[in-house]
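Notes to accompany the following structure.
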Amino acid sequence: MSRQQTQRLAVIAITAVAVLVFVPVLAVILYLIISGIGAINWEFLTAMPSNGMKEGGIMPAILGTLILTFGTAIVSMPVSILAAIYLAEYAKDNRLTRTIRMAIVNLAGIPSIVYGLFGLGAFVLAAQFGTSILAGALTLGIMTMPVVISTAEEAINAVPQQFRTVSQSLGATKWQTIRHQVLPHALPGILTGMILGLSRAAGETAPILFTVAAFYVPTLPSSIFDQTMALPYHLYVISTQVPGMPLSIQYGTALVLLMITLTLTLLATGVRTSVRRRRDW
Amino acid sequence: MTTAQTPPPSAPSRRPGEIAIEALIVLAGASTVIIVALIFIFLLREGINTFLDIPLRQLFGERWYPIEGYYGLLPLLVGTALVTVGAVIIAVPLGIVAAIYLGEIAPTWLREILKPLIEILAGIPSIVLGFLGWVALAPIIQNLGAPTGLTAFTGSLLLAYMSLPTIISISEDALYAVPKEYRDGSLAIGATQWQTIWRVVLPAARSGLVIAVMLGIGRVIGETMAVLLVTGNAANIPAFGPGMFFSPVRTMTATIAAEMGEVAQGSLHYNVLFGIGLILFLITFTVNWLAARLVGVNGARRSRGGLL
């Protein structure tokens, strides 16, 4: 076989593998949309479940996921952004900094079910928050920290050094420079990281299994110490634990969950792309 | 990145508010270390009895039957290993070749479409993939002739696609980092594009590709919900041979997820589930530590950046 034939064959083989990777992804999303769209209507999105969850809507699960995602943001964002500022602006090349970076890499690798165990041991039991929105939001918040810190630090580092030099040469202190020059320019990048982190949190099941999720609650939560239903756990429950569950409700629930996380993912990539296009430095 | 500079001689003096906020910033940085330590401490506190109360011979025995007091972890370790090995065999070639396609072959317009598709794949919740595996993929596998559709292979297939975003994005970074001069030099002396990729680009990107594989493995070992739904959850050790991939198995993660809801707090069973969590924590810690040692902690962190 000549070199040119090998070349042609290699390109064909590589392209074939790429098809094998990307086509199933598209197929899965289309399949879920086609199978689930029929179940989705106004009642499905806004009504309480009825008749052992086999009828009615999934409103409490949707609401629970939105509350948890909001709580995750409150827990995770301030500390993650401050940590990113530390790494980008203050950290010296010393042992503490290396330890922090190692810790972030490790946090990113810890399995989500282990976060669930930690949340159970630390927040539900030791801190006595019980199975509650608070315990769940703390667990999910800690889980999202690595991705938010990484993207925020990258965004801060992308702000040109001259901006800082000019600001400080005009007499601004280091913090004033960060607050008024660096952060405004890094904000869209930080936002991207936040939304990505939240989209992961919204779809997670394992960390909320033992910290917040309820099989079925007849009323909506009224405080952060209440349990709540949540979409990922609800999908797990209705697809494995409830016999005779209509398939259409299962597909519909999966589709609603996918739409929430995909909207957040696309929002994040959208923010990033539009910022890259507009960037004028 | 370090941006610490010596302040100019007339550096403005800081106000008390600034000193407070800068203290908070240092504290936030250090909080990451504190959290890792706390996670370890809590896993150890609740899980240590596993290793103290159960004789090692029994702990690594072949029977997982907690109701009668059998806590042999071997079936769970084998289950996790089978699912992981299967997923890696599928995902590594697919992921690296897809990265080659994106980086070296695909036209720009197609790349702009495919890269967001990878982020979309990364954004699909594992429970949604698990659900689809359960209702749609498992029946297909069963029709292929397996006695049941809920097997280690079903889990491997799902986990392979779930780890692809990690493997593809890190591999692509590694390929992108190979200097253009290498390719130009190779093409200039008459090598074809394929020869250049195979003999020049891939060897130069080797260490990055190794990281991609390792972090992909880390992702696979820790996955819970998808394997809980599709691997059949049978805590037994399949007979050795190719058929073992098509037997139902149960992984460590799925065991924690399935049983934690039913155990009494503080019971030995409860301790053992935390003990399994501790083992998982140590495995992923080691994988990440090794990956960081190989490329330096910055490389490992950067390459995980937007995709986790």
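Residue numbers begin at 1 in each chain, while the letters A, B, ... track the order of the sequences.
Only the side chain of B/Phe42 comes within less than 4.5 Å of a heavy atom in chain A; its backbone stays farther off. Heavy atoms closer than 4.5 Å to chain B are found in the side chain of A/Phe210, but not in its backbone. Of the two parts of A/Ile178, neither the backbone nor the side chain holds a non-hydrogen atom closer than 4.5 Å to a non-hydrogen atom of chain B. Residue B/Ile41: no heavy atom, backbone or side chain, is found under 4.5 Å from chain A. Only the side chain of B/Ser31 has a heavy atom closer than 4.5 Å to any heavy atom of chain A. Proximity to chain B involves both the backbone and the side chain of A/Ile113, based on heavy atoms less than 4.5 angstrom apart. When heavy atoms are compared at a cutoff of 4.5 Å, B/Ile34 does not approach chain A at all. For a residue to count as touching a neighbouring chain, one of its non-hydrogen atoms must lie under 4.5 Å from one of that chain's; by this rule B/Ile120 touches chain A with backbone and side chain alike. Both the backbone and the side chain of B/Leu114 come within contact range of chain A, with heavy atoms under 4.5 Å apart. The parts of A/Val21 that come within reach of chain B are both its backbone and its side chain, each placing non-hydrogen atoms under 4.5 angstrom from that chain. Contact annotation for A/Leu264: neither backbone nor side-chain heavy atoms come within less than 4.5 Å of a heavy atom of chain B. Within the 4.5 angstrom heavy-atom criterion, atoms from both the backbone and the side chain of A/Tyr251 approach chain B. For chain B, the nearby parts of A/Leu117 are the backbone and the side chain; heavy atoms of each come within less than 4.5 Å. Residue B/Trp198 does not touch chain A at all, counting heavy-atom pairs closer than 4.5 Å. Neither the backbone nor the side chain of A/Ser199 comes within contact range of chain B; no heavy atom of the residue lies under 4.5 Å from a heavy atom of that chain. For A/Pro78, no part lies under 4.5 angstrom from a heavy atom of chain B. Both the backbone and the side chain of B/Ile124 come within less than 4.5 Å of a heavy atom of chain A. With a 4.5 Å cut-off on non-hydrogen atoms, B/Ile256 touches chain A through its backbone and its side chain both. Of the two parts of B/Phe40, neither the backbone nor the side chain holds a non-hydrogen atom closer than 4.5 Å to a non-hydrogen atom of chain A. Only the side chain of A/Thr269 comes within contact range of chain B, with heavy atoms under 4.5 Å apart. Of the atoms belonging to B/Ile276, not a single heavy atom falls under 4.5 Å from chain A. Proximity to chain A involves both the backbone and the side chain of B/Leu94, based on heavy atoms less than 4.5 angstrom apart. With a 4.5 Å cut-off on non-hydrogen atoms, B/Tyr101 touches chain A through its backbone and its side chain both. Of the atoms belonging to A/Leu262, it is side-chain heavy atoms, and not backbone ones, that fall under 4.5 Å from chain B.
Ranked by non-hydrogen atom pairs under 4.5 Å with chain B, the options A/Leu231, A/Val11, A/Val17, A/Leu9 are led by A/Val17. Top candidate by heavy-atom pairs under 4.5 Å with chain A, chosen from B/Ala91, B/Gly218, B/Ala37, B/Gly190, is B/Gly190. Taking chain B as the reference chain and counting heavy-atom pairs below 4.5 Å, the highest number among A/Leu125, A/Thr144, A/Leu258, A/Val19 is found for A/Leu125. Note on A/Ile85, A/Ile100, A/Leu32: by heavy-atom pairs under 4.5 Å with chain B, the leading option is A/Ile100. When the candidates B/Gly222, B/Gly29, B/Ala160 are compared by the number of heavy-atom contacts under 4.5 Å with chain A, B/Gly29 comes out ahead. The most heavy-atom pairs under 4.5 Å with chain A, out of B/Glu104, B/Glu223, B/Gln195, come from B/Gln195. Ranked by non-hydrogen atom pairs under 4.5 Å with chain B, the options A/Ile142, A/Thr6, A/Thr99, A/Thr15 are led by A/Thr15. Most heavy-atom pairs under 4.5 Å with chain B, from the set A/Leu120, A/Leu96, A/Thr253: that is A/Leu120. Heavy-atom pairs under 4.5 Å with chain B were tallied for A/Leu235, A/Thr265, A/Leu209; the largest tally goes to A/Leu235. When the candidates B/Ile283, B/Leu228, B/Thr192, B/Val36 are compared by the number of heavy-atom contacts under 4.5 Å with chain A, B/Thr192 comes out ahead.
Under the 4.5 Å side-chain criterion, counting only non-hydrogen atoms from C-beta, A/Thr139 is not in contact with A/Ile208. Using a 4.5 Å heavy-atom threshold, the side chains of B/Leu158 and B/Trp134 count as separate. Contact annotation: the side chain of B/Thr284 approaches that of A/Pro111 to within less than 4.5 Å [non-hydrogen atoms, C-beta and beyond]. Using a 4.5 Å heavy-atom cutoff, the side chains of A/Val147 and A/Arg200 are not in contact. Looking only at side-chain heavy atoms (C-beta outward), B/Glu18 and A/Gln176 come within less than 4.5 Å of each other. A/Gln241 has its side chain within reach of A/Phe215: a pair of non-hydrogen atoms, C-beta onward, lies under 4.5 Å apart. A heavy-atom distance below 4.5 Å is not found between the side chains of A/Tyr236 and B/Phe131.
Contact between A/Ala202 and A/Leu257 at its shortest, heavy atoms only, is O-CD1, 3.9 Å. Closest non-hydrogen pair, B/Ala254 versus B/Val227, comes out as CB-CG2, 4.4 Å. Considering every non-hydrogen atom in both B/Ala99 and B/Glu172, the closest pair reads CB-N, 3.8 Å. The minimum heavy-atom distance linking B/Gly123 with A/Thr261 is given by the pair O-OG1, 3.3 Å.
Ring geometry, B/Phe285 versus B/Phe281: the interplanar angle falls from 30° to 60°, so the pair is classed tilted. Using a 30° and 60° split on the angle between ring planes, A/Tyr90 and A/Tyr86 fall in the parallel class, below 30°.
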Original post:
Could you walk me through whether A/Val148 and A/Leu196 pass the side-chain contact (heavy atoms from CB on, under 4.5 Å) check?
Top reply: CA-CA 8 Å; A/Val148 183; A/Leu196 267 184; over 6 Å; no
Subject >> Working for ring pair (Phe, Tyr, Trp, His ring centres under 6.0 Å), residues A/Phe118 and A/Phe123 >> reply: CA-CA 8 Å; A/Phe118 170 64; A/Phe123 304 128; 5.6 Å; yes
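Salt-bridge check for B/Glu22 with A/Lys174: failed, with every basic side-chain N at 4.0 Å or more from each acidic carboxylate O. Taking the charged nitrogens against the carboxylate oxygens, A/Glu153 and A/Arg101 do have a contact shorter than 4.0 Å, which makes a salt bridge.
Partner of B/Thr224 under the side chain to side chain contact (heavy atoms under 4.5 Å, CB included) criterion, chosen from B/Leu229, B/Ile127, B/Thr253: B/Thr253.
Looking only at distances, no side-chain donor or acceptor of B/Arg219 sits under 3.5 Å from a matching main-chain atom of B/Pro165.
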